[in-house]
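Only a predicted model underlies this, so the values are computations on that prediction, with no experimental measurement involved. Counting starts at 1 for both ligands and their atoms, in listed order. Basis for what follows: all heavy atoms, side chains included, without hydrogens, waters or symmetry-related copies.
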Amino acid sequence: MKFLTIKEAMKKRRGKVALRGWVYRERKSNAYAFIILRDHTDIIQCVIEKKNVSSKTWADANKLIIESSIELEGTIKEDKRAPTGYELHVSKLDVVQFAERFPIVKDQSPEHLLDNRHLWLRSRKMTAILKIRSTVFGAIHDFFRSKGFYEFQSPVFQSTQSEGGSTVFEVDYFGDKVYLAQTWQLQAEAAIFALEKIYTVAPSFRAEKSKTSRHLTEYWHAEMEKTWCSFEDLQEYAEELIKNIVKAVLKENKEELKILKRDTKKLEPIVQKKFVRLTYDEVLNILKKKAKMKIDWGKDLRTIEEDKLSELYNVPIIVSNYPKTVKAFYMKEHPKNPKVVLGFDVIAPEKHGEIIGASEREEDIKKIKENLKCVGENPKDYEFYLDTRRYGSVPHSGFGLGVERVVAWICGLDNIKDAIAFPRTMLRKSP
Ligand code: ATP
Ligand code: MG
């Protein structure tokens with residue numbers, strides 16, 4: 001008999017089916033063994049009745065403990081009392097492997113679950129998150145390709161830092177020092193002179209020494225870079241990308257959002273409403289008036305301030321025109337105010353923090369050199385980058401979106417670690 005997935009079998013609704021997967025839960029009595037079977041699509045209650053099966057099958061059924069792998073044949077029918085509304089009456093059981101005692105039981109500490117992450121991935125929660133994550137990746141690729149962007153890759157080994165020296169990972173490179181990429185950006189800015197519209201989804205590395213619920217040391221970074229892209233165009237791309245991601249998840253992952261108990265009413269406005277656009281100065285005023293938070297002009301917004309701001313709206317907030325001193329060397333100086341840059345962050349709702357960092361790029365080679373010196377870098381090390389401003393420089397812009405931040409927000413997770421299968425942080429490098 002051809003194996004069906006649990007979902008396919010439930011769609012069929014009745015009749016004989018063959019299923020295979022893992023024991024998710026089990027309960028036994030003198031006459032019955034109740035097995036909840038799990039595969040990648042769902043779970044289903046399976047009943048093995050002693051009087052209907054051979055003595056070997058009954059003995060095997062009694063030895064089954066959770067995570068044993070099995071193949072089953074039987075008749076499926078609707079049963080309102082069963083956890084997913086269907087029940088399989090088993091006529092045949094083949095044990096593929098009797099599992100050893102599973103090291104994860106109910107209500108275990110987050111640390112234990114992280115130590116056993118390779119096994120915890122099988123939980124309904126992690127499975128649901130990973131499915132949503134897959135939708136998010138797909139939606140990013142679909143969005144950029146539908147807009148005519150080329151997918152472009154830049155190297156992970158970098159000869160310079162790009163997002164601040166304090167968070168670079170140094171690697172010994174045959175006796176030389178290189179750094180793991182914090183962003184693809186510098187090479188991407190070279191590549192747009194050939195391809196004009198490019199994007200990537202790739203790991204970025206940041207040696208984040210602080211323990212926060214939003215920082216990984218290795219995260220997936222969706223980045224875009226485009227020629228002739230104004231600051232306003234860039235905001236449109238960011239808004240449209242986020243809308244497309246949320247729309248795809250709402251469409252494709254209804255069940256997963258339910259498993260995660262995510263209130264989808266909180267996600268619907270993202271697709272329907274226009275995002276809020278504020279300047280840094282306006283944010284300072286709003287936080288002062290509405291939250292009595294006083295921020296000295298020139299200071300970056302901290303987590304508590306971003307969180308407070310996010311509570312005032314039900315859509316993401318695009319905050320632009322940050323002070324030049326808190327932003328990266330490549331951001332374009334505002335033509336009317338040299339103290340601020342044409343850069344923006346997108347702050348997610350519900351205290352999920354910054355999900356996108358963006359800017360128009362500085363074209364003036366003198367200013368780039370000055371900015372580099374200001375952050376203690378030697379412009380000589382950036383010659384290839386400066387060349388992009390020497391041979392037909394054009395206005396261009398780009399942004400980077402933290403995929404795990406977006407997944408954590410959409411899934412309503414407290415910690416970014418659950419937005420990736422095998423999280424890497426200062427304190428965690430295995431499994
Ligand atoms: P933050 O201020 O939150 O540390 P950042 O300003 O350093 O972020 P950018 O350099 O603008 O971040 O990176 C682009 C995007 O990458 C951010 O908007 C965020 O979504 C994501 N990101 C940055 N650092 C991390 C990290 N350590 N872990 C996960 N995502 C990150
Ligand atoms: Mg940023």
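Ion pairing between E255 and K258 fails under the 4.0 Å rule for side-chain N and carboxylate O. Under the 4.0 Å criterion applied to side-chain N and carboxylate O atoms, K131 and E256 are assigned as salt-bridge partners. Salt-bridge annotation for K351 and E311: present, with a side-chain N of the basic residue lying under 4.0 Å from a carboxylate O of the acidic one. Between R302 and D300, none of the side-chain N atoms (NZ, or NE/NH1/NH2) sits under 4.0 Å from a carboxylate O, so this pair counts as no salt bridge. A salt bridge links K274 to E236: one of the charged nitrogens lies within less than 4.0 Å of a carboxylate oxygen.
Less than 4.0 angstrom separates some heavy atom of I355 from each of these atoms of ligand 1: 18 (O), 20 (O). Those atoms of ligand 1 with a heavy atom of G357 less than 4.0 angstrom away are 11 (O), 18 (O). Every atom of ligand 1 is numbered from 1 in the order shown, and the set under 4.0 Å from a heavy atom of I356 is 18 (O). Close contacts between ligand 1 and L216 involve ligand atoms 26 (C), 27 (N), 28 (N), 29 (C) [criterion: under 4.0 Å to a heavy atom]. Close approach of ligand 1 to G400 (heavy-atom distance below 4.0 Å) involves ligand atoms 14 (C), 15 (C).
The two atoms that bring F399 and A358 nearest to each other are CB-CB, 3.3 Å, heavy atoms only.
Residue contacts with ligand 1, taken as heavy atom pairs separated by less than 4.0 Å, involve R206 solely via side-chain atoms from C-beta onward.
A donor atom on one side chain and an acceptor atom on the other are found under 3.5 Å apart for Y385 and E189.
Using 4.0 Å as the threshold, I416 has a heavy atom nearer than that to some atom of ligand 1. Judged by the shortest distance from any of its heavy atoms, R405 lies inside the 4.0 Å radius around the atoms of ligand 1.
Comparing heavy-atom distances from atom 1 (P) of ligand 1 across R302, R214, K327, H215 singles out H215 as nearest.
At least one N or O atom of G402 sits closer than 3.5 Å to an N or O atom of ligand 1.
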